[in-house]
S.K.: 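Pasting in a structure now, in structure tokens, and then I'll have a few things to ask.
Model, not experiment: these values are computed from the prediction.
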Amino acid sequence: MNKHLVLYTADLHGNEIQYQKLVDFAIKNSIDSVIIGGDLTPKNPISIEKQKRFIEKDLPKFLNPLRQKLPDSRLFLMMGNDDCMA
């Protein structure tokens with residue numbers, strides 16, 4: 001039977017250090033699926049424009065090493081109650 005390793009986390013709130021720890025752990029452990037279950041962006045008070053910029057520019061930068069090192073892994077992102085409140 002093949003194993004499918006899943007890593008789940010939530011509430012990273014745009015914290016670069018936490019994103020780095022997530023990616024490092026996933027790579028080190030050859031995780032097959034990574035799920036980030038909400039509150040991806042920096043926490044309030046922050047403008048919708050800054051959250052949008054985070055999703056478009058910062059988030060891909062943080063998660064790119066995951067794609068480079070584990071190209072067959074799957075990444076699932078769910079918006080949370082603090083994400084894009086507008």
S.K.: Heavy atoms only: give me the nearest Ala10-Gly37 pair and the separation to one decimal.
M.R.: CB-O, 3.5 Å
S.K.: Do Phe25 and Leu12 belong together in a cluster built from hydrophobic side chains that touch within less than 4.5 Å?
M.R.: yes
S.K.: Sorted by first residue and then second, give each side-chain hydrogen bond (donor to acceptor under 3.5 Å, both in side chains) pair with at least one member in residues 9-26; sequence neighbours left out.
M.R.: Gln20-Asp24
S.K.: For a quick test of your reading: what N or O donor-acceptor pairs under 3.5 Å do the side chains of residues 55-80 make, sequence neighbours left out?
M.R.:
| from | atom 1 | to | atom 2 | distance (Å) |
| --- | --- | --- | --- | --- |
| Arg67 | NH1 | Ser73 | O | 2.7 |
| Ser73 | OG | Leu70 | O | 2.8 |

S.K.: Do side-chain atoms of Asp82 reach the backbone of Asp39 as a donor and acceptor pair under 3.5 angstrom?
M.R.: no
S.K.: Leu5 and Asp32: which non-hydrogen atoms are nearest, and at how many Å?
M.R.: N-OD2, 2.7 Å
S.K.: Please find the pair of heavy atoms, one from Pro42 and one from Phe54, that lie closest to each other, and give the distance.
M.R.: CD-CG, 3.7 Å
S.K.: Given Leu22, which of Ile31, Ile27, Val34 fulfils the side chain to side chain contact (heavy atoms under 4.5 Å, CB included) condition?
M.R.: Val34
